[in-house]
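In this text the structure is predicted, and so the values were computed from the model without any measurement.
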Amino acid sequence: MSSSYTCLFRVLFLIIFLKLLFLLVLYWHSYDGVSRIHRRPQVNIFDELLVDRRKVPSLKQRLEWIREEMPSFPLEELLARENMRLPSVDCGPAPDMMNIDFHNTYWQKATNGNLTYYLFAAYYDERETVPEAPLVRLLAMINQHEDDSFQYPEIFCQFWFDGRAKPVIIPVSEHKVMWPFGHSPRRYYPTFLSCPLTEGRHKWGVPKMVSLVAKKCDMARNLLRVVYETDESAKAVPKKTTSSLSTSPKFVVCVKAMDFPYEDKSWRLIEWLELMRLLGAHKVVLYDAQMHQNMTRVVKDYLVTSPGFVELRPMSLGRGEPHARPHFHHYAMMADSFNRILNEIIPYNDCFYRNMYKYDYVGVFDIDEVIMPLGNRTTWPELVKLARVVPDYESRTPPNCTEWVSFCFRNVYYPRYPERPKVYRNLSSSFYMLQHVERVRQHCNREDAAKCLHDTRFAIGLHNHFTLFHTEQSACAAKSVPIEFAQMQHYREPDLESQLLDPIVDASIWRFQPHLQARVEDRFRRLGFLPSDQQLAETLEQRRRRDELQLKNAVVKA
């Protein structure tokens, strides 16, 4: 009996041993088992949170970002100066960052008696066509309009140069108010302040920073980077003499503040940008005043895919309305149209002076405006070459002129005409300018809403439609190019409804149709603006139901 139990126990032990051995083999081949054998620690999911684990950026990288955020504040130059450990000075010590009176993010403040200056930027001007060059121009908004009975009190520029402890202090020689159309209370007017550096080119070089002070030896409460942006591809600094205009001129387009927070004009912006490129624009500069998110997507896509062609710069209102995004800022701009127009002068001129050494011509346009060559010419380089030899419309400039500050083009409106059928039936409605080829019959007169291509050798101050100041010793006033050679196509409704009558078809833009259509459609696809087949079917079904409902309602009313 005992031997039977002993045999049974052996059999049970063997079975248990084999099961344990089997489990051990399974354990050995399992992930956890292998990891334990190799002494790998167990991974806890909470140790692997999907958070940003990138290294803190270097100071150099942060300074580059700050330069984009605050383009006029010279933080890099200020830190470099501090690292030099220059001796202290009694007259005009350089301010530090904590002493700067910042204003509405992108501006700085200076005061002189009853005058308040809101400073936006400063630019070094050494063009040989400018008699007082070299000089620095400060772009500001001032609570004083030009008035023959008013004398601006003395005010000074303090300049800081590399390696020099003491500032060079020079009185402001001139205030150029860039609004000659009257004034009203509570306004701030765009103004250029001139500070000539008569010995600067040879003795000191280009200043790095500048401040504006009421008294020579004051410690300033403002500090601006002196903008001097030359063509990086050129071996020498371009001097922009009257004889140095390149045989293949370069064009930059400056656009006013983009204030479209509620209206999605992304599709129109794409078509306009691609047309600018086809016409010969080398760069388009936009100023961000709150855009619809789709328009922001478009601009960011161009910044990535076409670096150098599109540039986006920050902007705020100079008088000080809060730069709150997006609703209050838009309301503030719309609430006072005169104040908005005065502020628009700032981006036009900032764009001009940042690009005057790199481009031959500057155009100031909105995204519903196009200077269109006519006849057998299709690009702006061809157009400006022709503009030099054709007569001035109405012969306003002397016949012996050889240089003109601008070539201007008469405005003609291309309204929507929503009640009229499409002229180009085989093209989708996703193209605005290519579809709107009916215009009013009559062009506007020479001064009414014309737009120009401004020569960067001669222009001093720009308005939306013309130059306010130019180097009169070197160039004549603007030439108006006759409408048989080119026109300014304005895609909006005319101010007078009577002009809407009797439209004509003017399809000069169709010369660009194949290339323009292909480029725009490619951008639509890239950005995901084109619907899928299912979305298209749903859209068509909704449209069919809407049409049926409208028809039923019309029958019931009848």
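A salt bridge is absent between D360 and K250; no separation between the charged side-chain nitrogens and carboxylate oxygens falls under 4.0 Å. Note on R519 versus E271: no salt bridge recorded, every NZ/NE/NH1/NH2 to OD/OE distance being 4.0 Å or above. With respect to K256 and D366, a salt bridge is recorded, a charged nitrogen being found less than 4.0 Å from a carboxylate O. Classification of R354 and D350 as a salt-bridged pair holds, one side-chain N sitting under 4.0 Å from a carboxylate O. Electrostatic pairing of E128 and R457 does not count as a salt bridge here, judged by no charged N lying under 4.0 Å from a carboxylate O. E274 and R277 are joined by a salt bridge, as a carboxylate oxygen and a charged side-chain nitrogen come within less than 4.0 angstrom of each other. A salt bridge links E311 with R313; the closest basic N to acidic carboxylate O contact falls under 4.0 Å. Electrostatic pairing of E76 and K60 does not count as a salt bridge here, judged by no charged N lying under 4.0 Å from a carboxylate O.
Aromatic ring centres of Y262 and H330 lie closer together than 6.0 Å. For an aromatic pair to be called close, the ring centres must be under 6.0 Å apart, and W107 with F120 satisfies this. Between F102 and F73, a ring centre-to-centre spacing shorter than 6.0 Å is recorded. The aromatic ring centres of H436 and Y432 sit less than 6.0 Å apart. The aromatic ring centres of F260 and H292 sit 6.0 Å or more apart. Less than 6.0 angstrom separates the ring centroid of H323 from the ring centroid of Y106. Between H470 and F458, the distance from one ring center to the other does not fall under 6.0 angstrom. Not less than 6.0 angstrom separates the ring centroid of H463 from the ring centroid of F469.
Residue D533 places its CG atom among 12 or fewer non-hydrogen atoms of other residues, nucleotides or ligands, all under 6.0 Å distant. Residue Q534 qualifies as open at atom CD: its count of foreign heavy atoms under 6.0 Å is 12 or below. Within a 6.0 Å sphere centred on CZ of F338, heavy atoms belonging to other residues, nucleotides or ligands number more than 12. The number of heavy-atom neighbours closer than 6.0 Å to CZ of R545, taken from other residues, nucleotides and ligands shown, is 12 or below. By the 6.0 Å contact criterion, NZ on K385 is open, its count of non-hydrogen atoms from other residues, nucleotides or ligands being 12 or less. For Q442, the CD atom sits in a loose shell: 12 or fewer heavy atoms of surrounding residues, nucleotides or ligands are nearer than 6.0 Å. Under a cut-off of 6.0 angstrom, the local environment of CD in E484 is crowded, with over 12 non-hydrogen atoms contributed by other residues, nucleotides or ligands.
A side chain to side chain contact (heavy atoms under 4.5 Å, CB included) with H490 is found for one member of E493, R492, Q487 and no other, namely R492. Looking at V364, V285, V284 one by one, the single match for side chain to side chain contact (heavy atoms under 4.5 Å, CB included) with V255 turns out to be V284.
Checked by atom type and distance alone, the side chain of R410 never pairs as donor or acceptor with a backbone atom of N445 at under 3.5 Å. A donor-acceptor distance shorter than 3.5 angstrom exists from the side chain of R439 to the backbone of R441, with no hydrogens or angles considered. Proximity of a side-chain donor or acceptor of E382 to a complementary backbone N or O of T378 within less than 3.5 Å is detected. With hydrogens and angles disregarded, no donor-acceptor distance shorter than 3.5 Å links the side chain of S480 to the backbone of D392. Between the side chain of K479 and the main chain of C401, no donor-acceptor pair closer than 3.5 Å is present. Proximity of a side-chain donor or acceptor of T456 to a complementary backbone N or O of Y359 within less than 3.5 Å is detected.
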Stepwise ring pair (Phe, Tyr, Trp, His ring centres under 6.0 Å) check, Y424 with W510: CA-CA 10 Å; Y424 198 166; W510 283 357; 4.9 Å; yes

Salt bridge (Lys or Arg N to Asp or Glu O under 4.0 Å) between R544 and E541, intermediate numbers included: CA-CA 5 Å; R544 184 187 65 80; E541 178 62 20; 2.4 Å; yes

Salt bridge (Lys or Arg N to Asp or Glu O under 4.0 Å) between R319 and E321, worked out: CA-CA 6 Å; R319 203 176 71 95; E321 293 83 356; 2.8 Å; yes

Worked check of side-chain hydrogen bond (donor to acceptor under 3.5 Å, both in side chains) between T467 and H454: CA-CA 8 Å; T467 50; H454 307 285; 5.0 Å; no

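For the pair I371/L383, a side-chain contact is recorded, criterion being any heavy-atom separation below 4.5 Å from C-beta on.
Within the model, atoms CE of M372 and OH of Y414 stand 7.5 Å from one another, a figure rounded to the nearest 0.5 Å.
P190 and I346 make their closest contact through CB-CD1, 4.1 Å (heavy atoms, listed as atom of the first residue, atom of the second, distance).
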